Structures are given as C-alpha cells and as structure tokens.
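Written out below as structure tokens is the structure these notes cover.
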Amino acid sequence: MNLTVTHIAAGVALAHARMKTLEQELNVADSRLGDGDTGGMLRRVLDLMAEQRMDGIDDVGVSLGILAKAAAAATGSSLGTLLATGLLTMSKRTKGRTEIPWSELAPLLEQARDAVMARGGAKLGDKTVVDALDAVSSALAGAGDQAGVRARAVAACDEALVRFRNEPCRMGRARMYADKSIGMDDPGMLAFARLTESVCRRGT
Amino acid sequence: MKKLINDPAHYVDEMLDGLCAAHPSLTRDGPAGRVIRRTEGARAGKVGIVTGGGSGHLPLFTGYVGPGLVDACSIGNVFEGPTVDSCMAAIKAADGGRGVLRLYGNYGGDRMNFDMAGEFLEDDGLELSTVLGTDDIASAAPEERSKRRGVAGIVYAYKIAGARADEGASLAEVTAAAAKAVERTRTIGCALAPCQIPGAAEPSFRIAPSEMEMGIGIHGEPGIWRDTLKPADAVADEMVDRLLAERPEGSGHRVSVLVNSLGATPLEELFILYRRIAERLDKAGLAVVQPLVGPFVTSMEMAGVSLSLCFLDDKMERLLAAPASCPFWRVG
C-alpha cells in the first residue's frame, strides 16, 4: 500500500498525542540554548494541525497544504515557519495524487529540505533541523515499503542526534552558545527526531 | 517567576485587548487579531511603514503605531515572530497607495515571515522595501554588522522614517531615511536578572543575584562578559566606551541618547546612569539632542538597561524633532 491521506492524518494524530509529554522536554532543551518555548510553540502548531478535518479529502497534496497553512497560522517562529515551508513544498509536489509510493518519500523530503534551507538560510552541518531532515531523506533512498521507511527514518534520526551532539550549533540563536551547545541536542533537531519516532514506531 | 496573568495561552490576546481598550487610537485587526493598526486607517498618498515581531517587548512593537511613526504592526506570541498571514494583513493595513516599508529587527522568524508575505503581495503589484534593525553591537563583530540583532535603537528608525513619510517622501526616500537611522545607531545592553516566557519551564537565562551580564540580548541571548555587579558609573562608562568605539564614519558632534529599561529596572536607576552618560558624552565633545530615558523596548520582567546612541546629521535631527504621537512616545 502506498502513502495516502489516511496515513498523513494518522501521523498527525500520533505526533499530536506525543506532544503531551514532549512539550516540557523540548522546553527544557530549548531553555539551555534558546528562550525555552520550543515545546509550547510546537504543541500549539500540532493542536491546530490536529484540528484540521481530512474527511472527504483524498488528494495528498491538498492534505499537506492544509497542514502547512495550519502550521503557518499557529506560529511565526523560525522552526514553525520552516515546518510550514517543508509541508508546503511537499504539497505542491504531490497535488492531484491520491497515492504516493513509499519510494518517492526520499526525493520529496529532499525537496522539502532544499526549500527549508533556502527559506531559513541554514547549511548542512549547522546542527539544525535541516540536518535531521537530510539524514532521513538520505536514509530513505531505496526504501520501497512502509516498514522499511519507518525503520530507516527512526534509525537516521537517532544517528543524526548522536552525530551532531558533540558539534557546536552554527545557526540561529543557538549559534551564540556555540561552545555551550557542544554535548547538547539542537532543540529543533530533537523535536524532529522525537516526532518522527512517535509516528514511525507506533505506525500509521 | 511570579506573573499577574490569567492563562499563559491567553497572555498576548488579553494584553492586546487591554492595549486597544486603553488607547482607542489603536485597533486590533487581521488574522486572529494579531495586527495592530491606526484606528483611522492608512493615510492615502503616504508611504506606509509596517513593523512586527514577537510579544513581550512593550512598548515595542505595537506601541509605536501612530502618526509620525509606524502605521501597522503584526505581532506574534511571546518572543516568536508574527505569522505570515498577520504580516500580510499588517502590510495591507499600512498601504496608503505609495508603497510600504517593512521595518523590523533582524531575527529569523520575523525575516522569514515578512519575506514570505512580501513574495505573496508583490505578485499583487504592491511596492515594498525592507530595512532591518541591526543596532546591537554585542551580537556580531563590526565586519559582520548585517548579522547583528535589532534592539532598542530601532525606535530611532521608526521616528526618522515616520517623519520622512509624513513629509510626503517616496518609498525610496523613506527607505533611505530608515536605513540611515539604522546605520547611524548603536546599542548595547546589560542585564541583572532574567525574564520568563509565560508557560516556559525555565527563565530565559540564569544569573546569580550578585552578577550582571554585559551585552545580553533582549531574549536573553548571551553577552560579552558576566561578572560581579558593578556601580552604575562603571557600567555607564563601559557602555559609552563600547558605543563610541564604533562611532559611524563621518558622524558629527550631535547625538541622541536612549537610556532604556529592559522592564524591571526603575526610572531612578536610569537617571543615575543618564547623569554619567551625559557627562561622558560632553567630555567626548558630543552634544546631546532629545534624550530619551524610560522603558522603550523591554523584555517583560528582565532587569537591566540598554544604551543607544543615534549619531545625527541636520536632516536626521529635523526628522527626529518632527511631531509624532503614539501611546508611549509623543514629540512636538
């Protein structure tokens, strides 16, 4: 079975449920390198995304576009705006299609990564959410089924967190804590990894 | 940290309701009510000026909406950029038919959302320009000035660009006036105690009761040094020295001074600092014009101050003295 709107809606519901426990974990992580509100901000974003009704919608691009607009309406924070940018990019690439083969997820995520980099200005290696997105899109290359996608995505996020933990942050507010950030997870990368894990481990 | 609020989730909206109830010259508008505009609307034939940013800094940003200053403002959650929809609505609210200047601080979320809003609106034929506030000298080295954050000095850009727009100048001329005000303004801050975002797990930073931090940003971004709290005169001296070391090339001998409270520091302490700052500037051969002392750009309950110097020429001085009025600042 290919990726459909049903998978997307179920994924949003799982991510939304995960925020109940993740909110404070992310706030604490962000308070070490930023102003301590990443969890609260993402909770508001996922609250609004989870409110979006997908009943009667079978176009993958339309559903992703609805989620992008919800994210953009919920926050103007950098991370939230980048999430909206990535979703909007994938929405445009999938409009008019009701099913997306799992093998197409990797190129879609690559396009989302490139759009996020263009909007936010981060480069690969800056220790941002872009590096997590890049790790997942690279790991999914060649994955042709849902089980493979889930397993590779979770492993890629874990590896990215470990790989970048001992690097300094080079972007955004956290770049000002470059030395202090060594040994810590970037809050945006951590959020991406935890939410990916919640969607993939429990299955959609 | 104690806060006199109802619910962190309603902090911004209840604040905006109260602001507009107290000041009928301001009206809430736009998606989710996250635009503050002049109640009388944009003035036809005048270049519009729009600003925006996160909440938590009153009087910045919404408090500077008024004649001779800013026409509309998009406002985000505490320390978060405004949404792209509210940026678009604020730009439209400021549009009097001669183009709109986007004038805001150099922060990632603000930049992304104003840029996206501009991309949507320029397709509709609206003429836009952008100037970013980059006055915080502690946030990047002089050779990377474009990376610096915008802090309290942006009020000079509001005032000077707002006056130029009121004179009937074109979008290019208003933009140039704003850019010159930014180019001629330097700010440095220091903090004694942190603030905390409503609902956040921790304060924006931690500092011992006996310490201060020089160069800290308005969201608690790290500064230049942290050490034992020093006497006011020593703090004033260091701030003046650091700003004068970055005096803009070609600047004259007239300067406006802004001694700003970050929230919790009282006027008494600001005036103790101002006394010394004025002495030091006089000794440096600088004449102070239109000094500003008070809370102009805050970070909720953060204790500390910032010092801004705006190095004036004749034209800037005239624009700074032109009439303007908003809930927190009146000139003329």
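First the proteins, then the strands, lettered A, B, ... as listed; each starts at 1. Computed from a predicted structure; not experimentally measured.
Heavy-atom neighbours of B:Lys3 NZ from other residues, nucleotides or ligands within 6.0 Å: above the threshold of 12. Counting non-hydrogen atoms of neighbouring residues, nucleotides and ligands closer than 6.0 angstrom, the NZ atom of A:Lys180 exceeds 12 such neighbours.
Heavy atoms closer than 4.5 Å to chain A are found in the backbone of B:Ser139, but not in its side chain. For chain B, the nearby parts of A:Met41 are the backbone and the side chain; heavy atoms of each come within less than 4.5 Å. There is no contact between B:Arg206 and chain A, counting heavy-atom distances below 4.5 Å. In this structure, no portion of A:Ala84 lies under 4.5 Å from any heavy atom of chain B. Proximity to chain A (any heavy atom under 4.5 Å) is shown, for B:Pro31, by neither the backbone nor the side chain.
Note: B:Met116 leads B:Arg111, B:Met116, B:Arg34 in heavy-atom pairs under 4.5 Å with chain A. Note on B:Pro82, B:Ser204, B:Gly108: by heavy-atom pairs under 4.5 Å with chain A, the leading option is B:Pro82.
Considering A:Thr81, A:Leu79, A:Asp37 as possible partners of B:Glu80, the one that fulfils the side-chain contact (heavy atoms from CB on, under 4.5 Å) test is A:Asp37.
Between A:Ala73 and B:Asp85, the shortest heavy-atom contact is CB-OD2, 4.5 Å. Scanning all heavy atoms of the two residues, the minimum distance from B:Gly109 to A:Ser78 falls at N-OG, 3.1 Å. In terms of heavy atoms, A:Ala74 sits closest to B:Thr83 at C-CG2, 4.4 Å.
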Yes or no on side chain to side chain contact (heavy atoms under 4.5 Å, CB included) for B:Met112 and A:Thr85, after CA distance, side-chain angles and deciding distance? CA-CA 10 Å; B:Met112 286 182 221; A:Thr85 300; 5.9 Å; no

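A donor-acceptor pair under 3.5 Å is absent between the side-chain atoms of A:Asn27 and the main chain of B:Ala200, judged by distance alone.
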